[in-house]
**Student:** 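One structure follows; several queries about it will come next.
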Amino acid sequence: MIYTVTVNPALDYVMILKKMDIGQLNRSSRELHYYGGKGINISVVLNNLKISSVCLGFVAGYVGEEIERGLNSRGCRTDFIHLEQGCTRINVKLKEGGGRETEVNGNGPYVEAGHLEQMKEQVRHLKKDDLLILSGNVQKEIPFDFYAKLAEIAFSHGVAFIVDAEKSLLMPALPFRPLLVKPNQKELEEMAGHSISSLSELVGAAQYLQEQGARNVLVSLGKEGAYFLGENGGRYFLDAPKGTVINTVGSGDSMIAGFLSKYLKGESLLRAACYGVAAGSARAFSEQLPEKEAVDRLSSEIAFRQVQENMKYADNAK
């Protein structure tokens, strides 16, 4: 079974306006709401790809109850830890005509040390054929090495795991050999400690994460696709399919779900990475998280090129 961890889930409330006037009464023309959080996104996409998973995390109050109800109604299993105080956060996103967007994100409920121990206990009960996904940021009161603690427990029990988080959360978990890390270029630059403008810098930064312990590194490069460094030594540029970008939120999460859907079926690492790019692109081309039919359709459009020493970084856009 796959277990996704969303430490600080949210209800994302999107309001679409023709124009917003600060300090005045504004009315939306349309509203949308999503059950937010990187782990939750991964579970929803996995469910769309006909793969079961269980959502772990911390929820509180009526918003937490709604997230749990909504996920269960979509066929996603949950095993959230319920907090006695506070309320799961609501993130408000205001989208204006012309593409301007304003976001106000909540902090989320306070998580006590005892709650963290409860989650560690959940991970201790995982079996060798399970897989754990640690993704997203955490509340400020949670220690920066919390993911590393969960990764250490998983590693000691022979459980494969994936980490997708900012530098301070991801780097301490690398010594425990995550199956996959999936930074975007900006995140990779932060982890490597320098900007990336050449092929050698991109390859070197991904190689650095692998040397620190990551088994596979999938770097999302937006409209240019992705770079994949496999534990089998494969190095590839993967082209993104063409399409109209509508919403990129959750594209990285969809990429992880797509990768796993093929990896768990025993397909090649390259095939898994290509399907991951298809899933991420399908998300970007839709208002909703992608369905299997859309991912399957785009997967036939994913071209790849093995990285050669004389290849330039810009070549992957050609």
Side-chain angles (χ1 to χ4, degrees), residues 4-5 38-39 42 131-138 143-156 159-222 224-238 240 251-260 262-263 268-277 279-280 304-309 311 313 316:
T4 64
V5 172
K38 294 177 70 62
I42 293 170
L131 189 143
L132 179 69
I133 303 176
L134 309 170
S135 58
N137 296 328
V138 302
F144 71 91
D145 63 348
F146 181 58
Y147 279 174
K149 296 292 186 184
L150 296 180
E152 182 177 15
I153 295 170
F155 179 78
S156 67
V159 176
F161 69 95
I162 290 172
V163 186
D164 183 27
E166 64 183 22
K167 177 181 178 180
S168 63
L169 292 167
L170 183 142
M171 296 303 289
L174 291 182
F176 303 105
R177 304 281 291 151
L179 168 66
L180 177 73
V181 297
K182 192 224 57 64
N184 57 35
Q185 181 170 327
K186 181 180 178 181
E187 292 167 337
L188 184 63
E189 289 174 337
E190 292 173 350
M191 294 169 192
H194 59 77
S195 62
I196 295 173
S197 58
S198 69
L199 175 64
S200 61
E201 289 171 344
L202 177 64
V203 171
Q207 183 68 41
Y208 169 70
L209 294 185
Q210 199 173 61
E211 291 169 353
Q212 297 302 305
R215 291 166 54 189
N216 298 283
V217 182
L218 182 58
V219 184
S220 54
L221 300 171
E224 295 183 7
Y227 171 71
F228 180 65
L229 174 62
E231 62 181 327
N232 58 1
R235 298 185 301 172
Y236 299 92
F237 275 129
L238 313 173
S251 288
D253 309 323
S254 300
M255 187 178 287
I256 290 174
F259 177 93
L260 274 180
K262 296 302 180 184
Y263 176 84
S268 70
L269 290 172
L270 176 57
R271 173 60 179 155
C274 287
Y275 201 75
V277 172
F304 61 87
R305 287 178 301 286
Q306 191 165 7
V307 173
Q308 306 295 332
E309 293 301 327
M311 183 184 289
Y313 179 44
N316 70 316

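What you see below is based on every heavy atom in this structure, not just the backbone, and it leaves out hydrogens, waters and symmetry mates.
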**Student:** Walk me through whether F176 and I153 qualify under side-chain contact (heavy atoms from CB on, under 4.5 Å).
**Tutor:** CA-CA 9 Å; F176 303 105; I153 295 170; over 6 Å; no

**Student:** Rounded to the nearest 0.5 Å, how far apart are OG of S195 and NZ of K186?
**Tutor:**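 Output value for this atom pair is 13.5 Å.
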
**Student:** Tell me the closest heavy-atom pair linking A226 and L221, and the distance in Å.
**Tutor:**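 Looking at all heavy atoms of both residues, the closest pair is C-CD1, 3.9 Å.
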
**Student:** How long is the span from the CD atom in E189 to the CD atom in E201, to the nearest 0.5 Å?
**Tutor:**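 Interatomic distance, E189 CD to E201 CD, rounded to 0.5 Å: 8.5 Å.
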
**Student:** Nearest 0.5 Å, what's the CD-CZ distance between Q306 and R235?
**Tutor:**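 It is 8.0 Å, given to the nearest 0.5 Å.
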
**Student:** Just so I know, are the side chains of F259 and V277 near enough to count as touching, which here means a heavy-atom distance under 4.5 Å?
**Tutor:**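 A side-chain contact is absent here, since even the closest heavy-atom pair is not under 4.5 Å.
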
**Student:** Could you grab the distance from atom CG of N216 to atom CG of L180, nearest 0.5 Å is fine?
**Tutor:**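 It comes to 6.0 Å.
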
**Student:** Would you call I133 and F161 a side-chain contact if the rule is heavy atoms closer than 4.5 Å?
**Tutor:**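 No, too far: nothing below the 4.5 Å cut-off.
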
**Student:** Output yes when a side-chain donor or acceptor of S254 lies under 3.5 Å from a complementary backbone atom of G280, and no otherwise.
**Tutor:**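 No; zero donor-acceptor contacts below 3.5 Å.
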
**Student:** Hey, does Y227 have a side-chain heavy atom less than 4.5 Å from the side chain of V307?
**Tutor:**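 Heavy-atom side-chain distance check passes, below 4.5 Å.
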
**Student:** Knowing that exactly one of R215, Q210, R177 qualifies, which makes a side-chain hydrogen bond (donor to acceptor under 3.5 Å, both in side chains) with E231?
**Tutor:**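 Running side-chain hydrogen bond (donor to acceptor under 3.5 Å, both in side chains) over R215, Q210, R177 with E231 returns exactly one hit, R215.
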
**Student:** Kindly indicate whether the side chain of E187, heavy atoms from C-beta on, has any atom under 4.5 Å from the side chain of K167.
**Tutor:**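 When only atoms from C-beta onward are counted, K167 and E187 do not touch, as no gap falls below 4.5 Å.
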
**Student:** When you measure from the side chain of Y147 to the backbone of A165, do you find a donor-acceptor pair of N or O atoms at a distance under 3.5 Å?
**Tutor:**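 No, because the side chain of Y147 does not come within donor-acceptor range (under 3.5 Å) of the backbone of A165.
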
**Student:** Under 4.5 Å between any side-chain heavy atoms of N232 and L269, yes or no?
**Tutor:**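 The answer is yes; the side chains approach within 4.5 Å.
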
**Student:** To the closest 0.5 Å, what do you measure between CD1 (I42) and CG (L260)?
**Tutor:**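 One finds 8.0 Å between CD1 of I42 and CG of L260.
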
**Student:** For I196 versus A205, what's the shortest heavy-atom pair and its separation?
**Tutor:**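 Where I196 meets A205 most closely, the heavy atoms are CD1-CB, 3.9 Å.
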
**Student:** So which heavy atom on A148 is nearest to which on P172, and how close?
**Tutor:**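 Taking every non-hydrogen atom into account, CB-O, 3.5 Å.
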
**Student:** Please find the pair of heavy atoms, one from G258 and one from Y275, that lie closest to each other, and give the distance.
**Tutor:**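 Heavy atoms of G258 and Y275 come nearest at O-CD2, 3.4 Å.
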
**Student:** Is any side-chain heavy atom of S135 closer than 4.5 Å to one of I162?
**Tutor:**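 A side-chain contact is absent here, since even the closest heavy-atom pair is not under 4.5 Å.
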
**Student:** Any side-chain heavy-atom pair from P178 and L174 closer than 4.5 angstrom?
**Tutor:**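 The answer is yes, as the side chains (C-beta and beyond) meet within the 4.5 Å cut-off.
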
**Student:** Could you walk me through whether F237 and L199 pass the side-chain contact (heavy atoms from CB on, under 4.5 Å) check?
**Tutor:** CA-CA 10 Å; F237 275 129; L199 175 64; 3.6 Å; yes

**Student:** List the steps and the verdict of side-chain contact (heavy atoms from CB on, under 4.5 Å) for L209 and M171.
**Tutor:** CA-CA 8 Å; L209 294 185; M171 296 303 289; 4.0 Å; yes

**Student:** Looking at every heavy atom in both V159 and L132, which two are closest together, and how far apart are they?
**Tutor:**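 What the structure gives for the nearest pair is CG1-N, 4.3 Å.
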
**Student:** If you round to the nearest 0.5 Å, how far is CE of M255 from CG of N184?
**Tutor:**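 Here the rounded value is 9.5 Å.
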
**Student:** Using side-chain heavy atoms (C-beta onward) and a distance below 4.5 Å, is L218 in contact with L238?
**Tutor:**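 Yes, their side chains come closer than 4.5 Å.
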
**Student:** Check this for me: Y236, atom OH, are more than 12 non-hydrogen atoms of other residues, nucleotides or ligands nearer than 6.0 Å?
**Tutor:**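 Yes, the 6.0 Å shell around OH holds more than 12 heavy atoms from other groups.
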
